[in-house]
Amino acid sequence: MPKITVNNINHNITNLKRNLLSFLRFDLELTGTKLGCGEGLCGACTILVDGQPIKSCMSTVGAVIEGDLTTIEGLADGEILHPVQEAFIEQSAMQCGYCIPGFIMNITALFNREKNPTREQAIEALSENICRCGTYSRILKVVESLREKK
Amino acid sequence: MKKNNNLLEIFGDINLSIPKRMRAGQTGYRTVTYMTEIPEDNFQRMLSINKDGIVTIYASKVDYGQGIKTGFIIAVAEELCLEPEKINIILGDTDLCPWDPGTFGSDSTASVGLLLRNAATTAREKLYELAAERAGISKDNFISINGYIEQKDNPSVAYSFSELIGQQNIKVNIPENISLSSKIDNLYIGNNIKRIDGLEKVTGKSKYSRDILVPEMLFAKVIRPPAYGATINKIDSTNLQKISSYYQLIHEGDLLAILAESDEAAQHLSSMIDVSWHTLDGQASRWDMPKILLDSKFDTSVLQEEGNIDVGLNEADIILEETYYVPYISTTPMEPRAAVAKWDDDKLIVWAGTQRPHGIKSELMKLFNLQAKQVRVITPEIGGGFGAKSLYPIASEASILSKIVNKPVRVAYSRNEETIFSSFRPAALMEVKAGVTIDGSITAWSFKAVHAGERFLIGRRGATTPYSSKNIFVEVSCADSPLKTGSYRSLGAAVNHFAREAFIDELSRSIKCDPLEFRLQNLKDERYINVLRSVANKIQWQSSTSPTKIGQGLAIGIDVGSYVALAVHIEIIGTEIKISKVAAAIDCGLAIDHDGIVNQVEGGIIQGLGGTLYEAIEFENGTIINPGFTRYRVPKINNIPEIHVEILDNKTTPSSGAGELGIVPIAAAISNALFDLTGQRVRELPIQRQLQSS
């Protein structure tokens, strides 16, 4: 039976056509990943597949078979937060918080790709994530603070 | 049943949760804010301390990003001298929290924040009394320190909260004549306290309405009309007969929905139903708006009248007259609304991320003819609202469907539905006429605004002028609205300010006076002058009698009693306007949660930047042409300026709201900067589109 791994737990897949975001949110009850538009335009549903960011609302489960998926719930190591999560708290980089998991996943992927991303690279990486509360400048400060720590 | 043993409970007057400006029988305001009847039991629980010394705040203001959870906890922490971590907060659960008119108008800190400070003060005084009884000395001898009531000159005498409360159940009303300590120690108030809800939000643990999953819950897909005013003609569901999986098709009044065990199944099955609609032809389109606004005025109200405009115009060296226009825009919060309803026998429980939990409860009571105790609305986290989530029609839809199928039901808007079936900030038209002398006196100021929709409170906000003139006339009217209008950050203040502050700029330019100079010359109120000077300094304003070509612009504003000034630098890259820098200064009286306020002002500026540069709802004959993010452009991370926010220290003035300040002057500041850069005056939003079409 086809399998995927989500946050280090294996799952057998019976319905390959299932929308990936719905699968995560409703079947696995991992509701930290959000639906903002369902059209791949806002980034709220971003997760990592083998370390790379994808918009889960535009994917099926079948498209990520054998993949190693990480959602916002799987980012921390037990009680120890991921540095990107820490930085969001430190910078109070959120308001309603609905878009924040998507931003966190994308920034995590950015630091997986680039040891020391520039401001321009950060803007590029986050150019498809929307925050209607307008916390963008704080989110850029998050990237900056992580860069300084390195 | 609730256990009330071993508790100190503080009760407050729910009337004080109504914004000050709306109290005292102004019934008109109730209509426009959808305010429901005030329950008869005026005094309701706002704070409790249990036998373990745990403090809990109860309030029905809700947090959709403003950070009031943090603000309320800071306010209570300060008065109780207790670490914020030891304070719990429950917001917007109508079974547990006091009645409240709703969360709007940046009033949470001013009304309920103050109530909670008073509640904490009342609790503290009661604890002093209990300590005094034990020690046999006067209560004036005690102070509260980190969960202990301590004798001032003898710290060895100290009682924990739980020790003092013991086995008692004490209920105290906040006294009418309560006075807050005039001196704030600034343990927590005014310090940069991190958000209380940060951890939950970065780990995905926060539960929003869309995240509420209840056992046996069915997913509903409501089949909605293709245009406003369309009604069902015929339903052909023969295709569904081949379906073997579980579903229920429900047609109740205007509500047509298919219910299934998964979101995708409901979505898929809905596409198999063929509905033909009676459509309503001859509805207005966006290009009809200016004419509709001018031809259908009603509810005209004169807000300012001094002297005589004609006399003033006769004294002028220069007379200017211009019209400004603003289209409908959408709040477009990141979380499209969702509601889950569940019936436990004759009790209805609804999870809805609304700005008006008690208002929605009241609507549900009416709809099903239920008593107050039979309806519970629980407000989960809310993924943005900006005013629009005052209305929550899907709470009723989910409740109706749930009652029919006798199972919990979830109704959720798609992104497009969230736009189409929401309310919009009204389109508005402002006709401004003024006279000015060469030495910079405004001899006459006439401002006539008309905002679409019947909710007169929207257009009246921020319409009056703070600039001195002997002859002033300001009137605001409602007008017919083809689209549903409703709350939006700052209501009409941002719209009225766009016209006024841009026109002030035009006046100053007409007499070759520097716009900063001109404002300072004609303002009396020190609080305006202070914020204005602050931003001018910060942006290094270049005084000049003619446009500088550097793209600098400024504007001032007032909303809900708070003052703001913005100064911006803009540039044009290719065909795109880029806002490079924004300096903001605000005066909101006593600032409780500094970082929270800065965050709000930044957010208001960004949201305002969208309405200024990009956003406009396009509609034709009852259909919204550009819902969703494909064609409704909102600010993204590559559009944002460097922002600096200064909070002017003003501890002696009571707190007033700060949530709306950023958006209020932004359109004017940007359009003024555009004139400074290019000499082009844009009097219609969104500016980016005007620029491209010219």
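Each chain gets a letter, A, B and so on, in the order its sequence line appears, and its residues count up from 1. What's counted below: heavy atoms across the whole structure, side chains too, no hydrogens, waters or symmetry copies.
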Where on [X] is there a heavy atom nearer than 4.5 Å to chain A: the side chain, the backbone, both, or neither?
X: B:K205; value: neither
X: B:V598; value: both
X: B:E642; value: neither

Heavy-atom pairs under 4.5 Å with chain A are the metric here; pick the option from [options] that has the most.
options: B:T331, B:T70, B:D197, B:D63; answer: B:T331
options: B:E615, B:E381, B:E200; answer: B:E615
options: B:D211, B:T630, B:I606; answer: B:D211
options: B:N638, B:N639, B:L199; answer: B:L199
options: B:I640, B:I643, B:N416, B:L609; answer: B:I640

Using a 4.5 angstrom heavy-atom cutoff, name the option from [options] with the most pairs to chain B.
options: A:F88, A:F26, A:F103; value: A:F26
options: A:M94, A:E124, A:E39, A:E86; value: A:M94
options: A:L126, A:L75, A:I139; value: A:L126
options: A:G32, A:A44, A:S137, A:G134; value: A:G134
options: A:E90, A:E73, A:E29, A:H82; value: A:E90

Heavy-atom check, side chain of B:I637 versus side chain of A:N129, under 4.5 Å: no
Got more than 12 heavy atoms from elsewhere within 6.0 Å of [atom1], [X]?
X: A:N12; atom1: CG; value: yes
X: A:R119; atom1: CZ; value: no
X: B:E417; atom1: CD; value: yes
X: A:K141; atom1: NZ; value: yes

Hey, is the main chain of [Y] close enough, under 3.5 Å, to the side chain of [X] for a donor-acceptor pair?
X: B:K636; Y: A:I123; value: no
X: B:R415; Y: A:G36; value: yes
X: A:R132; Y: B:T332; value: yes
X: B:D595; Y: A:S92; value: no
X: B:N599; Y: A:T135; value: no

Grab the two heavy atoms, one from [X] and one from [Y], that are nearest each other, plus how far apart they are.
X: B:R195; Y: A:Q95; value: NH2-O, 3.1 Å
X: A:Y98; Y: B:G383; value: CB-CA, 3.9 Å
X: B:Y64; Y: A:C96; value: O-CB, 3.3 Å
X: A:I130; Y: B:M334; value: O-CE, 3.4 Å

Euclidean distance, B:Q607 CD relative to A:C133 SG, rounded to 0.5 Å: 8.0 Å
Value rounded to 0.5 Å, distance of NZ in B:K194 from CD1 in A:I89: 10.0 Å
Go through the atoms of [X] and report whether side chain, backbone, both or neither lie under 4.5 Å from a heavy atom of chain B.
X: A:R25; result: both
X: A:I104; result: side chain
X: A:Q85; result: both
X: A:L30; result: neither

Pairing of A:R18 and B:E264 as salt bridge, 4.0 angstrom limit: yes
